[in-house]
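Each remark here refers to the structure printed beneath this line.
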Protein chains: 2
Amino acid sequence: MSKTDITPVRTERRDAAENRQRILKAAHKLFEEFGVENVSMNQIATEAEIGPGTLYRRFRNKSELCQELIKDHLDLLFDGIETYMNENRDEPPRERLKGLLRLFIRFREMKAQLLSGVEESASPARKRPLSQNPVYNELHKLFVELLDEIAASEPSRSPAPNSVFKADVLMMALLRDSYHFQRDVRGYAPEMILEQLILTFLPEE
Amino acid sequence: MSKTDITPVRTERRDAAENRQRILKAAHKLFEEFGVENVSMNQIATEAEIGPGTLYRRFRNKSELCQELIKDHLDLLFDGIETYMNENRDEPPRERLKGLLRLFIRFREMKAQLLSGVEESASPARKRPLSQNPVYNELHKLFVELLDEIAASEPSRSPAPNSVFKADVLMMALLRDSYHFQRDVRGYAPEMILEQLILTFLPEE
DNA sequence: TTGACAAACGGAGATGTCTCCGCTTAAATA
DNA sequence: TATTTAAGCGGAGACATCTCCGTTTGTCAA
């Protein structure tokens, strides 16, 4: 089941649907050529031969546009995650969490630009909180489930940390700013980041 | 010792120094009246009766301006932290870390707007990484020291997590986006966030 | 005091995001 | 098919960040 659909309530008018395609095609082309960061909404509108107003009617900002472009890949990611979770349902939860993190980090590496585009705060002002991004909601839910399972499976040594909070912090560490900070400034390789995350969030007793 | 000074190498020309004061005064007034978020660099320039070029010559962006405005308060914070650390040097490190976090979170609550302004990504494009902000470097250093001390004081049960990494993740959780997410979306009170951070990063055995 | 010059000024304008609103048009309805 | 109407279009323009560069001015050395 696709979790990232944003199905329009009513079917689009024919011209609107065509414009949507023109936009996606133009964006894809420009992103490919100049990189997501270096392409402005204006450029996309020009390339698609439509007015800026039309562009913004379809996509409220570049983040939404990126989300649309990455949707299929995201669906694949979540399919992969579901498969992994099913195939490994007998593994201990900490192992599954690690696998889950690995899948996401791999995805992050492959789709770095678009995914960063999705996370972009859009306009400096009215930025919506993380919580509104379905991608991260979905991931967060999985983290919470696994963390709860881990907490339950281990002898409760101290008041169990709130899994929702812990998952939030973990998510933050996977977000663009944090992740690329680790990569580019600290110089950690992806696998190293994964290791450190596990050590940080799941210290073995 | 002040750690947040950005002392100009050469003394400013008299007119430049005066303009700097006009800018700070104007910014303070406007921030007070409309809130940091809702004040543009243009407004500040107008209020200070200078051109935009002059404003940008003094402060490359709003973040730097906020940093200047909050400097004195930050110095007080770090003085307070130093005092606290000295007075509690015999407490166990985890206790000191908790105290440190509490001091910072209190500061964050009191100076929310300006501190958020400091953290602002400035322009969506060329945002400099966290690592360039002296405030966070300073804090990060303290965290690393304490985490190292904690790791050393406890029986090494498993490969010790890299304190630098752990401190990075902890910092992320204290940053504007994450902190206000916890406050506004999750509805946690500051003291609750503190508790959760401790539980997450310093699980008792 | 005066002349030279680096520093500072300021505003026009490049570029970007995003909205508003009068006109156009696809498509549901009679 | 003709009519209606809401969805869609597109560009002007409000506002924001930030730069460039010709002009002005403080400062220092002579």
Side-chain angles (χ1 to χ4, degrees), chain A residues 7-24 26-27 30-31 34-68 116-128, chain B residues 7-27 30-31 34-68 117-128:
Chain A
T7 318
V9 181
R10 269 168 93 89
T11 50
E12 275 171 338
R13 239 167 66 170
R14 203 178 56 243
D15 51 351
E18 193 203 308
N19 277 335
R20 175 182 293 272
Q21 291 314 308
R22 299 167 73 94
I23 291 170
L24 292 176
L30 292 175
F31 287 171
F34 303 108
V36 176
E37 291 254 309
N38 306 311
V39 176
S40 74
M41 291 296 265
N42 273 345
Q43 279 176 69
I44 296 169
T46 302
E47 172 77 24
E49 294 179 277
I50 60 171
T54 303
L55 175 52
Y56 277 95
R57 163 176 296 273
R58 285 285 151 278
F59 302 97
R60 260 178 306 188
N61 48 51
K62 217 160 89 177
S63 173
E64 279 195 6
L65 184 44
C66 288
Q67 218 166 123
E68 187 73 20
S116 291
V118 172
E119 289 168 1
E120 196 79 45
S121 305
S123 62
R126 41 201 157 310
K127 59 187 168 336
R128 64 255 171 93
Chain B
T7 317
V9 182
R10 269 167 93 88
T11 49
E12 274 171 339
R13 238 168 66 170
R14 205 178 52 244
D15 52 349
E18 193 204 305
N19 276 334
R20 174 181 294 273
Q21 291 314 310
R22 299 167 73 95
I23 291 170
L24 291 176
K25 192 177 163 189
L30 291 175
F31 287 171
F34 303 108
V36 176
E37 290 255 307
N38 305 311
V39 176
S40 74
M41 290 297 263
N42 272 345
Q43 278 176 70
I44 296 170
T46 302
E47 173 78 23
E49 295 181 275
I50 59 171
T54 303
L55 175 54
Y56 277 95
R57 163 177 298 274
R58 287 285 152 279
F59 302 98
R60 261 178 307 192
N61 48 52
K62 217 160 86 176
S63 173
E64 280 195 6
L65 185 44
C66 288
Q67 219 168 119
E68 187 73 19
V118 172
E119 289 167 0
E120 196 79 45
S121 306
S123 61
R126 42 198 156 311
K127 59 185 166 339
R128 64 261 169 88

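Values below: all heavy atoms of this structure, side chains included; hydrogens, waters and symmetry mates excluded. In what follows, chains are A, B, ... by sequence order, proteins preceding strands, each numbered from 1.
Nucleotide C:dC5 holds its P atom 20 Å from the CG atom of B:Asp15, rounded to whole Å. One can place OH of B:Tyr56 at 16 Å from P of C:dG10, the figure rounded to the nearest angstrom. The interatomic distance linking B:Glu18 (CD) with D:dT25 (C1') rounds to 13 Å, in whole Å. Atom-to-atom, CZ of B:Arg22 to C1' of C:dA8 comes out at 14 Å; the value is rounded to the nearest Å. The distance from atom CZ of A:Arg13 to atom C1' of D:dC9 is 8 Å, rounded to the nearest whole Å. Between B:Leu65 atom CG and D:dT17 atom P the separation is 11 Å, expressed in whole Å. Rounded to whole angstrom, the span from the CZ atom of A:Phe59 across to the C1' atom of D:dG8 amounts to 15 Å. In this structure, the CZ atom of A:Arg57 is 13 Å from the C1' atom of C:dG22, given to the nearest Å.
Residue whose closest nucleotide on DNA chain D sits further toward the 5' end, between B:Gly53 and A:Pro52: A:Pro52.
Listed nucleotides C:dA27, D:dC9, C:dC18 differ in distance to A:Arg14; the shortest reach to its side chain belongs to C:dA27.
With sequence neighbours excluded, no residue satisfies side chain to side chain contact (heavy atoms under 4.5 Å, CB included) with A:Arg57. Looking at residues two or more places apart in sequence or on another chain, you find no side chain to side chain donor-acceptor pair (under 3.5 Å) involving A:Arg58.
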Would you list the protein and nucleotides 3-5 of chain D atom pairs, both N or O, that sit under 3.5 Å from each other?
none

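At a threshold of 4.0 angstrom between heavy atoms, the contacts of A:Thr54 include nucleobase atoms, whether or not backbone atoms are also involved.
In terms of modelled atom types and a separation under 3.5 Å, the side chain of A:Lys62 and the main chain of A:Val118 share no donor-acceptor contact.
Note on A:Asn19: a side-chain N or O is less than 4.0 Å away from OP1 or OP2 of D:dC9.
Ion pairing between A:Glu18 and A:Arg22 holds under the 4.0 Å rule for side-chain N and carboxylate O.
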Check residues 38-53 of chain A and write down every donor-acceptor pair under 3.5 Å in which the side-chain atom is one partner and the other belongs to a residue at least two apart or another chain.
{"unit_1": "A:Asn38", "atom_1": "ND2", "unit_2": "A:Phe34", "atom_2": "O", "d": "2.8"}
{"unit_1": "A:Ser40", "atom_1": "OG", "unit_2": "A:Asn42", "atom_2": "N", "d": "3.4"}
{"unit_1": "A:Ser40", "atom_1": "OG", "unit_2": "A:Gln43", "atom_2": "N", "d": "3.1"}
{"unit_1": "A:Thr46", "atom_1": "OG1", "unit_2": "A:Asn42", "atom_2": "O", "d": "3.0"}
{"unit_1": "A:Glu47", "atom_1": "OE2", "unit_2": "A:Lys29", "atom_2": "NZ", "d": "3.2"}

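Residues from residues 42-50 of chain A lying near DNA chain D, meaning a heavy-atom separation below 4.0 Å, are A:Ile50 in numerical order.
Every stem involving DNA chain D, taken as at least 3 paired positions in a row under the Watson-Crick or G-U wobble test at 3.5 Å, is listed here: C:1-30 with D:1-30.
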